[in-house]
Amino acid sequence: MIEMKDVYKQYANGVVAANGLNVKIEKGEFVYVVGPSGAGKSTFIKMMYREEKPTSGDILINDTSLPKLKNREVPLLRRQIGVVFQDFKLLPKLTVYENVAFALEVIEEPVDNIRPRVTEVLDLVGLKQKARMLPTELSGGEQQRVSIARSIVNRPKVVIADEPTGNLDPETSWGIMNVFEEINQRGTTIVMATHNKDIVNRSRHRVIAIEGGLIVRDEQGGGYGYEI
Ligand SMILES: Nc1ncnc2c1ncn2[C@@H]1O[C@H](COP(=O)(O)OP(=O)(O)OP(=O)(O)O)[C@@H](O)[C@H]1O
Ligand SMILES: [Mg+2]
């Protein structure tokens, strides 16, 4: 359902962050993207939701070619993809409930659907009791769970996460991983860039290792493979 064909990306400053990526990710897979800092993991991820365009090559999501999409078609693509960031990106003046509901309001979901859908995902991430709180009143792990709830509330087929546990302690990170595992078990494809060696080694899934803009390893059930 996600396919990259000979993807090459050179940034304006001349840095080549993707140097011929070829990969296929099927529906329902759980994929870790690992590799040293500067390897091109975030670039790989950003090209999947059209935050960045490749310089050449093609990226298909369910047969839609992302480089060929017109800018006005990008919001439609984003409805099919949930994105989770390291730094949560919550709206500070909105409550937990409102942060999640907002994702449905912007896509003009019928009002009657909003409350049940938001309640359902807050329950899934274990935050139903904190729906009225503000992000600043939550721990880092709780804030990340809100951002995951927001990313899945419109039921995307794919959730893409760039170091979602990067700012969290090990125990909190495991709580976040349980949420991703649960979402994956419900059939959602997960693509996650991570430096978290323990998670990759203990919760085994396909591992794609990127170095210097190239896929150097692609292994089902592989381990982290780096000592740092
Ligand atoms: N917007 C940009 N403009 C120019 N160069 C960039 C840009 N974004 C990333 N790069 C460069 O592209 C290369 C890959 O960066 P990328 O962010 O994809 O790495 P990464 O694997 O995610 O690293 P990290 O583990 O530190 O997050 C780096 O050399 C980086 O400096
Ligand atoms: Mg990165």
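Computed from a predicted structure; not experimentally measured.
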Looking only at heavy atoms, what is the nearest atom pair of Ala101 and Ile114, with distance?
-> CB-CG2, 3.9 Å
Mind checking what makes salt bridge (charged side-chain N to carboxylate O under 4.0 Å, His left out) contact with Glu29, not counting sequence neighbours?
-> Arg206
Separation between CG of Asn62 and CD1 of Ile2, rounded to the nearest 0.5 Å = 8.0 Å
Closest approach of Ser173 and Thr165, non-hydrogen atoms and distance?
-> OG-CB, 3.5 Å
Carefully, step by step, assess Gln80 and Tyr49 under the rule side-chain hydrogen bond (donor to acceptor under 3.5 Å, both in side chains).
-> CA-CA 9 Å; Gln80 300 177 49; Tyr49 62 98; over 6 Å; no
Given Ile160 and Val84, is the side chain to side chain contact (heavy atoms under 4.5 Å, CB included) satisfied, shown in steps?
-> CA-CA 6 Å; Ile160 291 172; Val84 178; over 6 Å; no
Taking salt bridge (charged side-chain N to carboxylate O under 4.0 Å, His left out) as the test, write out the residues that go with Glu26, two or more places apart.
-> none
For Lys27 and Thr189, indicate whether the former's side chain and the latter's backbone hold a donor-acceptor pair under 3.5 Å.
-> no
Going through the checks in order, is the side chain to side chain contact (heavy atoms under 4.5 Å, CB included) test met by Glu51 and Arg78?
-> CA-CA 10 Å; Glu51 178 72 17; Arg78 299 262 172 92; 4.0 Å; yes
Residues joined to Val111 in its hydrophobic cluster, side chain to side chain under 4.5 Å directly or through other members, sorted by chain and number, are none
Is a side-chain donor or acceptor of Arg115 paired with a backbone partner of Asp112 at a separation under 3.5 angstrom?
-> no
Residue list, side-chain hydrogen bond (donor to acceptor under 3.5 Å, both in side chains) with Ser151, at least two apart or on another chain | none
Heavy atoms only: give me the nearest Val153-Ala103 pair and the separation to one decimal.
-> CG1-CB, 3.8 Å
Could you list the residues that satisfy side-chain hydrogen bond (donor to acceptor under 3.5 Å, both in side chains) with Tyr8, not counting sequence neighbours?
-> none
For the side chain of Asn154 and the backbone of Arg79, is there at least one donor-acceptor N/O pair under 3.5 Å apart?
-> yes
Please report the closest heavy-atom contact between Gly212 and Asn19, naming both atoms and the distance.
-> O-CB, 4.0 Å
Side-chain contact, heavy-atom cut-off 4.5 Å: Leu60 with Lys5?
-> yes
What distance do Gln10 atom CD and Ser56 atom OG have between them, rounded to the nearest 0.5 Å?
-> 9.5 Å
Between Lys68 and Glu73, is any pair of side-chain heavy atoms under 4.5 Å apart?
-> no
Non-neighbouring partners of Phe102 that pass ring pair (Phe, Tyr, Trp, His ring centres under 6.0 Å), sequence neighbours left out = none
Asn99 side-chain N/O to Thr95 backbone N/O, donor-acceptor pair under 3.5 Å = yes
Would you kindly confirm whether Leu104 and Val100 end up in one hydrophobic cluster when ILVMFWY residues are joined by side chain heavy atoms under 4.5 Å apart?
-> yes
Non-hydrogen side-chain atoms of Phe180 and Ile199 separated by less than 4.5 Å = no
Pairs satisfying salt bridge (charged side-chain N to carboxylate O under 4.0 Å, His left out), at least one member in residues 149-163, at least two apart = Glu120-Arg155
Can you list the steps and then say if Leu90 with Gln143 is a side chain to side chain contact (heavy atoms under 4.5 Å, CB included)?
-> CA-CA 8 Å; Leu90 300 174; Gln143 290 181 54; 3.9 Å; yes
Are Val15 and Ile215 connected, step by step, through hydrophobic side chains (Ile, Leu, Val, Met, Phe, Trp, Tyr) whose heavy atoms are closer than 4.5 Å?
-> no
Does Gln144 reach the main-chain N or O of Pro164 with its side chain, forming a donor-acceptor pair under 3.5 Å?
-> yes
By salt bridge (charged side-chain N to carboxylate O under 4.0 Å, His left out), Glu3 pairs with (sequence neighbours left out) none
Check: Tyr224 main-chain N/O paired with Asn201 side-chain donor or acceptor under 3.5 Å = yes
Note, Leu127 side chain near Val121 side chain (heavy atom, < 4.5 Å) = no
For the residue pair Asn71 and Arg50, confirm or rule out a side-chain donor-acceptor distance under 3.5 Å.
-> yes
Not counting sequence neighbours, which residues clear salt bridge (charged side-chain N to carboxylate O under 4.0 Å, His left out) with Lys89? List them please.
-> Asp87
Do Val159 and Ile45 share a hydrophobic cluster (ILVMFWY, side-chain heavy atoms under 4.5 Å, transitive)?
-> no
Determine the minimum heavy-atom distance between Gly57 and Pro67, stating which atoms define it.
-> O-CG, 3.9 Å
Say whether Leu66 and Leu76 are linked into one hydrophobic cluster, either directly or through other cluster members, by side-chain heavy-atom distances under 4.5 angstrom.
-> no
Please test Phe44 against Glu52 for side chain to side chain contact (heavy atoms under 4.5 Å, CB included), starting from the C-alpha separation and ending with a verdict.
-> CA-CA 9 Å; Phe44 178 78; Glu52 292 288 349; over 6 Å; no
Side-chain donor/acceptor of Lys9 to backbone N/O of Val16, under 3.5 Å = no
Pairs where residues 165-193 contributes a residue and the test salt bridge (charged side-chain N to carboxylate O under 4.0 Å, His left out) is met, not counting sequence neighbours | Glu182-Arg186
Do Leu134 and Thr136 have side chains that get closer than 4.5 Å, going by heavy atoms?
-> yes
Same apolar cluster: Val33 and Leu214, side chain cutoff 4.5 Å = no
Would you mind reporting whether Val34 and Ile208 have side-chain heavy atoms less than 4.5 Å apart?
-> no
Given side chains that start at C-beta, do those of Val200 and Asn196 come closer than 4.5 Å, heavy atoms only?
-> no
Find the distance between CD1 (Ile176) and CG (Asn167) and round it off to the nearest 0.5 Å.
-> 11.5 Å
To the nearest 0.5 angstrom, please state how far the CG atom of Leu69 sits from the OG1 atom of Thr64.
-> 6.5 Å
For Glu109, side-chain hydrogen bond (donor to acceptor under 3.5 Å, both in side chains) partners two or more places apart | Asn113, Arg117
The ring pair (Phe, Tyr, Trp, His ring centres under 6.0 Å) partners of Tyr32 (sequence neighbours excluded) come to Phe30, His205
Asp58 (side chain) donor-acceptor with Val7 (main chain) under 3.5 angstrom | no
For the residue pair Ile25 and Met48, establish whether any side-chain heavy-atom pair is separated by less than 4.5 Å.
-> yes
Taking the side chain from Lys130 and the backbone from Glu142, do they hold a donor-acceptor pair closer than 3.5 Å?
-> no
Neighbour count above 12 (heavy atom, 6.0 Å) for Arg217 CZ = yes
Please report the shortest heavy-atom distance between Leu168 and Gly140, naming the atom on each side.
-> CD2-C, 3.5 Å
For the residue pair Tyr11 and Thr43, confirm or rule out a side-chain donor-acceptor distance under 3.5 Å.
-> yes
